[in-house]
Amino acid sequence: MTKTMATSSIKTIPIIAIPNFAICHKLELLKEEGERRDLKRQEGGDEEGLSYEFREMLDSLPKERGWRTRYLYLFQGFWCQSKEIQAIISFQKHFQPLQNDVVIATIPKSGTTWLKALTFTLLNRYRFDPVSSTNTDHPLLTSNPHDLVPFFEYKLYANGGVPDLSGLASPRTFATHIPFGSLKGSIEKPGVKVVYLCRNPFDTFISSWHYINSIKSESVSPVSLDEGFDLYCRGVIGFGPFWEHMLGYWRESLKRPEKVLFLRYEDLKEDIESNLKRLASFLGVPFTDEEERKGVVKAISDLCSFKNLKKLEVNKSSKSIKNFENRHLFRKGEVSDWVNYLSPSQAERLLALVDDKLGGTGLTFRYS
Ligand code: PAP
């Protein structure tokens, strides 16, 4: 029985899952265009190029000090930068879901880069063999995962643009940080699947704090750990409050497990192979017995591991998302680094907050 199901899924993979080079080329062009615009933005300030009407709308929103830009605005119940709002409005207006679309969702610094690498490699494993040691043309060896699985809000719909997605092969694979409540209207089509990766809020905070201070422009003053921590606990962080972001996807995954798969960063760290198999089954491309025997699961896990990705030249010296250096995406990749940064009273405050906001929901974390 297992064999029959596995065989039939193999047959469908070459038809549904393989991107063609036109797509990679297309993503490359989108990337270049995005880079040009981002450079301009960085030179001219984060609110450069916004229309008068859009600025008026921004002025009507509650705002707080931003982490990396001057302000974060409260838009549709979550905090985000002006440019992200512009892109999200365009996405919500124009994106047309197709059956089999895959959407990777995270709050920033939860392991997005890792999940993009795993999903891309998994879905494209018949075109790009992850096992062969002579396989030197695997796209992951020369492209950052963010260039293989584009974000709606940072790439495709950036600056309010409307991309031409007609050339993308099925299943199209996208990523987003948009909370579920603001995403759901755009992905309500049978067969569209969402994979959410969650990370414990302690490590997510520390990772965010490091990242933002690494990439922010010199004109923005650094966010101190204490200040960032206070903002984080008040929910003021990109796409936060974090508890609402996590709960939105958590609840949907309980209600519709066939639509939303909820993964945890700590679980992936502990047992990547089992979680990769879960991901493959959820996406409708389970590993066959033969693939397991050939070591495909291990090969994908190894190819996408922190150690492997971090040492690649493309991830050491190139730029991808929003023209920021890829190397900042690979800092430590560990569970519990927060113990090196948070004071006992900060840890207590965050624990109480998590208890208050998530207690009783069934959503729990491992912190070490
Ligand atoms: P993004 O939201 O900006 O895309 P994201 O990839 O979600 O960032 O988060 C980066 C974190 O994932 C970093 O964590 P750290 O700051 O605690 O080190 C990064 O090291 C970690 N990370 C990146 N790639 C991997 C990987 N292959 N395996 C495990 N962790 C990874």
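As the structure is a prediction and not an experimental result, all values here were calculated from the model. Ligands are counted one by one from 1 in listed order, and the atoms in each one are counted from 1 as well.
- Salt bridge annotation for Lys109-Asp203: absent, with no cationic side-chain nitrogen under 4.0 angstrom from a carboxylate oxygen.
- The side chain to side chain contact (heavy atoms under 4.5 Å, CB included) check on Lys259 picks up Ile187, Glu188, Val192, Arg256, with sequence neighbours excluded.
- Of the possible polar contacts, none joining the Trp67 side chain to the Leu72 backbone as a donor-acceptor pair under 3.5 Å is found.
- For ligand 1, the 4.0 Å heavy-atom shell contains residues Pro108, Lys109, Ser110, Gly111, Thr112, Thr113, Trp114, His146, His177, Arg199, Ser207, Tyr265, Cys304, Ser305, Phe306, Leu309, Leu329, Phe330, Arg331, Lys332, Gly333.
- Judged as a side chain to side chain contact (heavy atoms under 4.5 Å, CB included), and not counting sequence neighbours, the contacts of Ile89 are Phe54, Met57, Phe75, Ile85.
- The main-chain N or O of Val223 is found under 3.5 Å from a side-chain atom of Trp209 such that the two form a donor-acceptor pair.
- The side chain to side chain donor-acceptor pair (under 3.5 Å) check on Gln92 picks up Gln76, with sequence neighbours excluded.
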